[in-house]
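Only heavy atoms go into these numbers, but all of them, side chains included; no hydrogens, no water, no symmetry mates. Lettering of chains follows the sequences in order, A, B, ..., and the numbering in each one begins at 1.
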Protein chains: 4
Amino acid sequence: MADQKRPVRSKSQEERRRIILDAALSTFAAKGFASARIEDIAKAAGVGKGTVYLYFPDKESLFKSLISDDLAPLIAHGAGILEASPQSPRKALSAFYTLVESEVLDTQRADLLRLMITEMPNFPDVAAYYHANLIRPGMQLVQKLLTIAHDRGELRSAKVLEVPQMVVAPILISAIWGMLFSPFGAFDRRAAFEVSLDNLFLSPERETP
Amino acid sequence: MADQKRPVRSKSQEERRRIILDAALSTFAAKGFASARIEDIAKAAGVGKGTVYLYFPDKESLFKSLISDDLAPLIAHGAGILEASPQSPRKALSAFYTLVESEVLDTQRADLLRLMITEMPNFPDVAAYYHANLIRPGMQLVQKLLTIAHDRGELRSAKVLEVPQMVVAPILISAIWGMLFSPFGAFDRRAAFEVSLDNLFLSPERETP
Amino acid sequence: MADQKRPVRSKSQEERRRIILDAALSTFAAKGFASARIEDIAKAAGVGKGTVYLYFPDKESLFKSLISDDLAPLIAHGAGILEASPQSPRKALSAFYTLVESEVLDTQRADLLRLMITEMPNFPDVAAYYHANLIRPGMQLVQKLLTIAHDRGELRSAKVLEVPQMVVAPILISAIWGMLFSPFGAFDRRAAFEVSLDNLFLSPERETP
Amino acid sequence: MADQKRPVRSKSQEERRRIILDAALSTFAAKGFASARIEDIAKAAGVGKGTVYLYFPDKESLFKSLISDDLAPLIAHGAGILEASPQSPRKALSAFYTLVESEVLDTQRADLLRLMITEMPNFPDVAAYYHANLIRPGMQLVQKLLTIAHDRGELRSAKVLEVPQMVVAPILISAIWGMLFSPFGAFDRRAAFEVSLDNLFLSPERETP
DNA sequence: TATGAATGAGTCTTCATTCAT
DNA sequence: AATGAATGAAGACTCATTCAT
């Protein structure tokens, strides 16, 4: 195909872009957007300061790319799980929690999540984008799932349909706790997920490996 | 009397300090710590740039004073509610949620809460202080309350005793949602509190005025 | 007399002025003109910051008053000694050195001398005033004295008549050494004066108490 | 050749550093340390304000570099002369005076000398460094020279051995006079040196070209 | 008259961004 | 394409001076 020659070069390009993005994520996560210096990011990426500007027009774009680049695959993956709902809503949600654990909370993406929480107030357009592309569809999927559960009579209370955000509460709590208080004591993330599932659903059927 | 001149002066001093702190809260909440300019805070307070420095030695102290000044009364009040537990744990928790609504979420203190979430990663000593003086004792109070509920057989699941943070989840979700997505849709705070209570406790007894 | 009532008040005024000037001298000597803060001077004088401005229109005037106030009496006194020349030029010069020791180098006026050396480059008009009122007449007196000595055949070399500044060299060296290196070792001021006299004059007649 | 690029670069670096140091010397000499603005120095050096900070971490370092950079070569040179003492102490000292004239008093280094006199009181550590590396060894060399002269019976008075600082008195007087009173009349530097030599040494042997 | 709270001009310093090599 | 030296706009902080009390 015609794009075979391009990929050789563009892969090297693409790789360097990723390296810079990863370095940016660590640095932004460690210092916050305003306090992170481009030079630090460049150093962390092992490139010169000017090189960053070959890949991103400015600091803000770098930050936004961080989010939009990493968000798309995550959304696809998470949506897949939630939509699949192979056997039961509870199992689907449980699988979702597990996915979030392995794909977000246990990876560098946890930093991204924290960064979005801490920095988004300063980037309203990112918040809008994030809301339109992740939060709203995500909440709709959750709502669909909960509706199914409700129709099946598995849901403890219909009221949660009005605040589907409660479903992601343990994820957020976990992220925030890790961000603020991890030095002072761990947060039992697994227990939080189980409490959440136990509370949401009537039947205490546990997911088993 | 001789003490008339002093009180007038010192009241004016204290007042001015509060005005600056309030201006700082708005400004920090709007821009974040790093991006907020002292001059903006001064302007918002209706004073000159240098005046801020008569009351706070530097920007960081101003920020920290914001937290330590406002935290103490809040802790006292919240602890009072949680410790009182007049009739039942559920009622106590419900009263606590109501208090948080009227005293925090509906006031400028919501900004303070958001600010603590977003800026504390950059101020580890503030996080330590906040954890030692608010979070840990707060969680212990919650645990005590939940233990009482459990002993009375009112608790749905004992597992929540391991993650008392789940009790404050709706508060945090509400604060975070308001901070990030309020332009795109409201969060039904009341519903979240009710879901939380309904899920935590067995008997669906509603608190009535 | 009519001015008797005034003196009561004006003495108090005059006293306060002196107190402020003394405080200014210490402070300027310790920190230099630019780094000395008016507030420090006020504190050292035991008055409020604003009070300084009741006596001197601004910082620069305060500094200049320091010099002009203290210079006049010094000039009169020094000139008296040099002009008197009771017995011999050497004795007159020796008396002058002794006077400078007791009236300048051993008092706070040494600070004034140092201050003039260090700060005058930034105050050309002060330098002009100082040159016109102290240096030039002083040098003329010295020259007259040296001429007398030369006429009497007591001077070792007539060349010093062209550089009468050499006569005050030991004074300046002493002041500068004390200003820069006193922590690292004393300067034997007496020896310097004797060397200077011995070198200038032929007969080794010592002055005796 | 490959080493052309590096030397060019590194020479340009070193050159720029020197240019900034020279600009700093003029500016500090003209205004004093506290009143000199970094921007003025940058402008005088023909570089941007920020560039100064690429070469020196802060204003104080710039000032100190000024001294330490220029002192080392001067010390080496001066010590060489004093130690050589080829024929006679008097000739050595005369050569030293001549060297100081051509290498210091007639060059921009005179500003450095004046700057050290005026600013060192505010930089005690510089004074200590200067005393340890220039003054003390210098005074010891002078003392050695005077001792030799004394042993040879060429010295007028042994008392000067206790105050070797008198030997540099004409240098200091010249520097100070130039700094304070040059607009009002020149100081005959040559005459001062001759008077000093004539007074110190017995034999009136003149150094001849 | 004396005070010290208030002010804002002035300065150092940082860092995103540009550009010559 | 990659670099890092150079730049200057921006912001924290200081302090001489004013002025209401």
Under 3.5 Å, side chain of A/S65 to main-chain N/O of A/S61, donor-acceptor pair present? yes
Checking the side chain of C/T27 only, and the main-chain atoms of C/A23 only, is there a donor and an acceptor separated by less than 3.5 Å? yes
Residues touching DNA chain E, which here means a heavy atom under 4.0 Å, drawn from residues 53-63 of chain C: C/L54, C/Y55
Could you note down all residue pairs passing salt bridge (charged side-chain N to carboxylate O under 4.0 Å, His left out) where [range] supplies at least one of them, sequence neighbours left out?
| range | result |
| --- | --- |
| residues 110-127 of chain C | C/K64-C/D125, C/D111-C/R114 |
| residues 47-58 of chain B | none |
| residues 21-30 of chain A | A/R18-A/D22 |

If you take any heavy atom closer than 4.0 Å to DNA chain F, which residues from residues 23-32 of chain C end up in contact? none
Is there a residue in residues 33-44 of chain B whose heavy atoms reach under 4.0 Å of DNA chain F, and which residues are they? B/A36, B/R37, B/I38
Checking D/S35 now: which residues fulfil side-chain contact (heavy atoms from CB on, under 4.5 Å) with it, not counting sequence neighbours? C/A34, D/K31
Closest-nucleotide mapping onto DNA chain F: is A/T51 or D/V52 further toward the 5' terminus? I mean the 5' end. A/T51
In dot-bracket form, how is DNA chain F paired, counting a Watson-Crick or G-U wobble pair only if both its distances are under 3.5 Å and using | for bases paired to another strand? .||||||||||||||||||||
Close side-chain approach of [X] to [Y], heavy-atom, < 4.5 Å:
| X | Y | answer |
| --- | --- | --- |
| D/I67 | D/L112 | yes |
| C/T118 | D/N122 | no |
| D/R17 | D/E14 | yes |

Write out all pairs satisfying ring-ring contact (aromatic ring centres under 6.0 Å, His included) with one or both partners inside residues 34-61 of chain A, taking only residues at least two apart or from two chains. none
Taking only residues two or more places apart in sequence, or in another chain, which ones meet A/R109 in a salt bridge (charged side-chain N to carboxylate O under 4.0 Å, His left out)? A/E103
Without decimals, in angstroms, what is the distance between [X] [atom1] and [N] [atom2]?
| X | N | atom1 | atom2 | value |
| --- | --- | --- | --- | --- |
| B/K49 | F/dA12 | NZ | C1' | 9 Å |
| A/R17 | F/dA2 | CZ | C1' | 18 Å |
| D/I19 | F/dA6 | CD1 | P | 10 Å |

So, is C/R16 near the phosphate of E/dT1, with a side-chain N or O under 4.0 Å from OP1 or OP2? no
Set of side-chain hydrogen bond (donor to acceptor under 3.5 Å, both in side chains) partners for D/S26, sequence neighbours left out: D/Q108
Residues at least two apart in sequence or cross-chain that pass ring-ring contact (aromatic ring centres under 6.0 Å, His included) with C/F63, listed by chain then number, are C/F28, C/F33, C/F123
